[in-house]
There are 2 protein chains.
Amino acid sequence: MRLALLGCGTVGSEVVRLLHEQSADLAARIGAPLEIAGIAVRRLGRDRGDLPVDEALFTTDPLGLIKRDDVDVVIEVVGGIEPARGWLVEALRAGKSVVTANKALLAEDGPALHDAAAEGGADLYYEASVAGAIPLLRPLRDSLHGDRVNRVTGIVNGTTNFILSAMDATGAGFAEALEEATELGYAEADPTADVEGFDAAAKAAILASLAFHTRVTAADVHREGITEVTAADVASAKAMGCTIKLLCIAARGRDAAGRETVSVRVHPAMIPLTHPLASVGDAFNAVFVEAEAAGQLMFYGRGAGGAPTASAVLGDVVAVARNRLAGVRAPSESAYADLAVRPMGEALTRYHISLDVADRPGVLAAVAGVFARHDVSIATVRQGSADGPAGSGDAELVIVTHVAPDAALAATVEELRGLDIVRSVASVLRVEGGA
Amino acid sequence: MRLALLGCGTVGSEVVRLLHEQSADLAARIGAPLEIAGIAVRRLGRDRGDLPVDEALFTTDPLGLIKRDDVDVVIEVVGGIEPARGWLVEALRAGKSVVTANKALLAEDGPALHDAAAEGGADLYYEASVAGAIPLLRPLRDSLHGDRVNRVTGIVNGTTNFILSAMDATGAGFAEALEEATELGYAEADPTADVEGFDAAAKAAILASLAFHTRVTAADVHREGITEVTAADVASAKAMGCTIKLLCIAARGRDAAGRETVSVRVHPAMIPLTHPLASVGDAFNAVFVEAEAAGQLMFYGRGAGGAPTASAVLGDVVAVARNRLAGVRAPSESAYADLAVRPMGEALTRYHISLDVADRPGVLAAVAGVFARHDVSIATVRQGSADGPAGSGDAELVIVTHVAPDAALAATVEELRGLDIVRSVASVLRVEGGA
């Protein structure tokens with residue numbers, strides 16, 4: 001069984017190392033030895049440390065490598081949309097099995113890859129694309145196929161989880177926590193993809209597609225990052241017995257006409273400390289699944305890093321290699337349900353709103369009136385003293401709503417901002433996990 | 001695709017219900033409808049509530065049902081060794097796919113089932129046998145096949161976890177907590193299989209077999225239950241920042257000659273509150289996996305109950321049904337590694353020992369001498385006041401060891417019991433999870 005490896009960075013070199021160290025075990029599990037046919041890299045002659053491979057295997061011609069007759073399986077760990085898409089479509093159409101960790105490509109144009117796989121009769125595996133080493137896609141795709149998944153809630157980006165955990169632990173602001181994450185190597189020099197939620201949104205699209213048997217792309221995902229989460233927000237969450245996490249949420253629902261839909265979104269939210277996701281700290285990932293019969297499940301582990309990602313890649317390599325030896329193919333993409341993706345405004349959410357208001361009679365009535373006008377039901381109200389000097393005439397009003405369409409909640413906040421008696425909207429956060 | 005269901009109790013009736021409710025989804029996922037060909041029960045004519053099946057499907061002849069030409073898949077949810085073994089061997093040899101939740105049978109005689117499956121060219125799936133709805137066996141069998149699992153530590157018995165959680169929360173003794181569990185339906189009238197660790201040991205054997213590619217049976221598993229865990233033990237654990245859980249542990253190691261071995265054991269142990277397994281409360285299950293490249297993973301969910309178990313059964317049914325339609329078979333049992341199972345005495349463990357000793361000079365030296373004679377290294381010693389009245393001349397000595405062979409630790413405790421200055425050994429508990 002001969003492998004073409006596209007990319008030899010952090011993940012690729014770990015794949016090479018594991019293939020070498022565990023070759024006897026892998027051969028026994030597959031029934032045939034795995035051999036590297038070639039490794040496509042951008043530049044030859046770079047020092048690759050003590051990688052246990054023949055220098056002659058390196059090439060700068062990925063397409064040439066893919067097309068070679070002796071290549072059975074193509075492993076792509078380069079990332080990005082192009083040229084990876086062209087390579088993988090080519091490989092799949094030619095009937096080569098593909099194992100990829102490329103979440104951006106799968107979320108952007110998964111259907112093109114699945115179609116090419118069907119056309120070439122090839123396997124397309126991508127366990128490493130979401131939550132690194134955590135076996136998650138296979139359980140969703142296989143183990144839960146006798147059940148009905150209602151909701152998937154995940155912490156799927158290690159960088160933002162590290163930053164939010166640091167903010168929670170030290171009271172630091174976002175900028176300071178980001179700086180620490182960068183120094184420690186948890187954030188990249190350009191952290192945009194992580195902190196703005198693009199990475200989590202790609203993973204949300206992949207998870208939603210599998211959980212709901214529906215094609216969901218990154219463009220379908222409502223996305224908010226964590227750059228606007230403040231130390232005050234974190235403190236508000238703590239006062240509520242909560243912590244703030246960047247969540248990816250994919251949930252089943254119904255539209256006004258009663259048709260089943262899904263909503264897929266990524267945004268920071270407060271979750272209660274008693275929720276299993278609350279204790280997922282540092283750069284760990286975890287995904288919480290709620291299914292009709294299975295109830296609540298959680299999968300937890302390292303979501304990134306060379307070795308964990310390589311573990312997921314090799315698990316897929318063993319699977320596709322076995323399939324090839326047996327002359328079979330894994331079940332195709334399952335997208336039969338084809339549910340409509342509901343816009344964010346229709347998603348049902350809860351808000352936690354903290355207001356600095358004038359300390360005078362009638363304020364609560366006026367504020368409550370705004371909620372009522374938007375048909376938003378209030379769950380709890382807490383009145384406290386604001387930060388202003390005593391006797392400044394300011395008070396704090398903390399309101400947690402019941403579940404309502406997100407658009408109604410957003411409109412409520414907008415109208416509150418315009419109220420004369422509201423000095424400022426200090427914090428607005430969604431609340432998840434039954435707080 | 002026609003199914004024979006053996007057993008129609010809590011799990012079986014949930015299987016029937018889910019097959020009915022989700023028939024359209026299941027058919028779409030498989031590519032063919034599922035139909036119940038027959039249901040074998042002990043007695044006909046029993047009131048089965050509002051089960052959505054034709055009464056004519058019930059039969060008291062399981063073997064006759066299995067042998068019918070129109071049966072493709074046999075689902076066994078009866079449990080126990082016989083007659084289930086005979087039925088399943090018969091079904092597998094006849095080339096019918098088998099889905100079973102029978103942990104006792106798999107742990108007692110898994111090889112006989114695997115051999116019959118190989119003989120008949122049939123699939124044998126048993127996700128529901130360990131940790132109910134948690135997709136665990138498939139990830140171990142498939143997703144982690146590119147990695148090297150070093151250790152599996154699990155809470156796999158809900159009854160004992162409920163009892164220990166109650167003891168931890170209320171300070172109750174074992175008998176009292178068991179009574180509460182029985183009243184609430186978490187413990188059976190005869191709780192032996194649960195509280196003596198037989199159930200967990202069966203699951204440990206199944207997990208170890210998959211994780212280490214080695215045939216491990218229940219007889220290979222060292223087993224201690226929780227009946228001797230006292231309120232004092234629980235208090236000792238709390239004082240250490242720990243909690244007590246009944247753990248199943250399967251770990252890779254080496255024997256004196258340097259050969260790779262596995263040790264598989266079930267016993268109560270202290271784990272630090274910071275360990276992910278510590279917060280698994282009530283009747284929940286969780287399994288913590290440590291793998292070479294993937295690092296630490298955890299799987300969490302409901303380990304028992306009709307609906308969760310039925311979810312796992314149906315996930316397997318979808319898989320074997322797809323395989324049959326595609327004319328393929330899942331990879332066979334993987335037992336190539338064939339590691340020796342190390343006896344408990346050679347397993348490396350740590351002890352927490354609490355002693356009531358005479359309060360006089362030289363006591364610590366004498367006690368430390370016993371540890372030294374058995375080559376057991378002490379990690380921490382804490383001296384406190386014992387429960388006796390002030391001036392009674394008693395003191396408390398709490399010792400936590402470093403890792404040592406279990407036999408050496410047990411011999412140390414035995415010798416301590418005989419020491420003149422040791423009034424009593426108040427508590428002995430193993431410590432796991434890096435405390």
Side-chain angles (χ1 to χ4, degrees), chain A residues 14 18 21-22 25-26 28-31 127 132-140 142-148 213 276 279 284 286 289 291-302 305-319 322-323 326-329 331 334 336-337, chain B residues 14 18 21-22 25-26 28-31 127 132-140 142-148 213 276 279 284 286 289 291-302 305-319 322-323 326-329 331 334 336-337:
Chain A
E14 274 298 322
L18 288 173
E21 281 176 11
Q22 306 192 9
D25 275 314
L26 294 170
R29 292 170 196 174
I30 293 167
E127 182 68 66
I134 312 174
L136 178 63
L137 303 193
R138 201 106 43 116
L140 270 179
D142 298 336
S143 313
L144 288 168
H145 258 195
D147 205 335
R148 180 183 160 86
H213 304 269
S279 54
F284 274 88
V289 177
E292 194 77 24
Q296 302 180 334
L297 302 169
M298 193 171 80
F299 303 81
Y300 167 95
R302 293 203 177 274
T309 309
S311 166
V313 166
L314 279 181
D316 280 355
V317 168
V318 170
R322 273 182 180 162
N323 285 350
V328 304
R329 205 187 146 222
S334 172
Y336 73 91
Chain B
E14 273 299 322
L18 288 172
E21 280 177 11
Q22 306 192 9
D25 275 314
L26 294 171
R29 291 170 196 174
I30 293 167
E127 183 67 66
I134 311 175
L136 178 62
L137 304 193
R138 201 107 42 120
L140 270 180
D142 298 337
S143 313
L144 288 169
H145 257 196
D147 205 335
R148 180 183 161 85
H213 304 270
S279 54
F284 274 88
V289 177
E292 192 77 24
Q296 303 180 333
L297 303 169
M298 193 171 81
F299 303 81
Y300 167 95
R302 292 202 178 273
T309 309
S311 165
V313 166
L314 279 181
D316 281 354
V317 168
V318 170
R322 272 182 179 163
N323 285 350
V328 302
R329 205 190 146 220
S334 173
Y336 72 90

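Reminder, nothing fancy here: chain letters follow the sequence lines and each chain counts from 1.
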**Student:** Heavy-atom distances under 4.5 Å only: say whether Glu21(B) touches chain A with side chain, backbone, both or neither.
**Tutor:** neither
**Student:** With a 4.5 angstrom heavy-atom cut-off, which part of Glu14(A) approaches chain B: side chain, backbone, both or neither?
**Tutor:** neither
**Student:** Find out whether Pro139(B) and Phe299(A) are in side-chain contact, i.e. whether some heavy atom of one side chain is under 4.5 Å from a heavy atom of the other.
**Tutor:** no
**Student:** Which heavy atom of Gly301(B) sits nearest a heavy atom of Leu297(A), and at what distance?
**Tutor:** CA-CD2, 4.0 Å
**Student:** Between atom CD1 of Ile134(A) and atom OG of Ser143(B), what is the distance when rounded to the nearest 0.5 Å?
**Tutor:** 11.5 Å
**Student:** To the nearest 0.5 Å, tell me how far Glu127(A) CD sits from Leu144(B) CG.
**Tutor:** 9.0 Å
**Student:** Of all the heavy-atom pairs spanning His145(B) and Arg29(A), show the shortest one and how long it is.
**Tutor:** O-NH1, 2.8 Å
**Student:** Non-hydrogen atoms of chain B under 4.5 Å away: do they reach the side chain of Arg148(A), the backbone, both or neither?
**Tutor:** both
**Student:** Which residue out of Ile30(A), Leu136(A), Asp142(A) racks up the most heavy-atom pairs below 4.5 Å with chain B?
**Tutor:** Asp142(A)
**Student:** Counting only non-hydrogen atoms closer than 4.5 Å, does Val318(A) touch chain B with its backbone (N, CA, C, O), its side chain (CB onward), both, or neither?
**Tutor:** side chain
**Student:** Counting heavy-atom pairs closer than 4.5 Å to chain B, which one of Ser279(A), Ala319(A), Gly315(A) comes out on top?
**Tutor:** Gly315(A)
**Student:** For the candidates Pro331(A), Gly132(A), Ala286(A), Ala293(A), which exhibits the highest count of non-hydrogen atom pairs separated by less than 4.5 Å from chain B?
**Tutor:** Ala293(A)
**Student:** In terms of heavy-atom pairs under 4.5 Å, which option from Ala294(A), Gly305(A), Pro276(A) contacts chain B the most?
**Tutor:** Ala294(A)
**Student:** Give a yes or no on whether the backbone of Gly295(B) and the side-chain of Arg302(A) come within a donor-acceptor separation of less than 3.5 Å.
**Tutor:** no
**Student:** Which residue out of Asp25(A), Asn323(A), Leu140(A) racks up the most heavy-atom pairs below 4.5 Å with chain B?
**Tutor:** Asp25(A)
**Student:** Considering non-hydrogen atoms only, spot the tightest contact between Gly146(A) and Gln22(B) and give its length.
**Tutor:** O-OE1, 3.6 Å
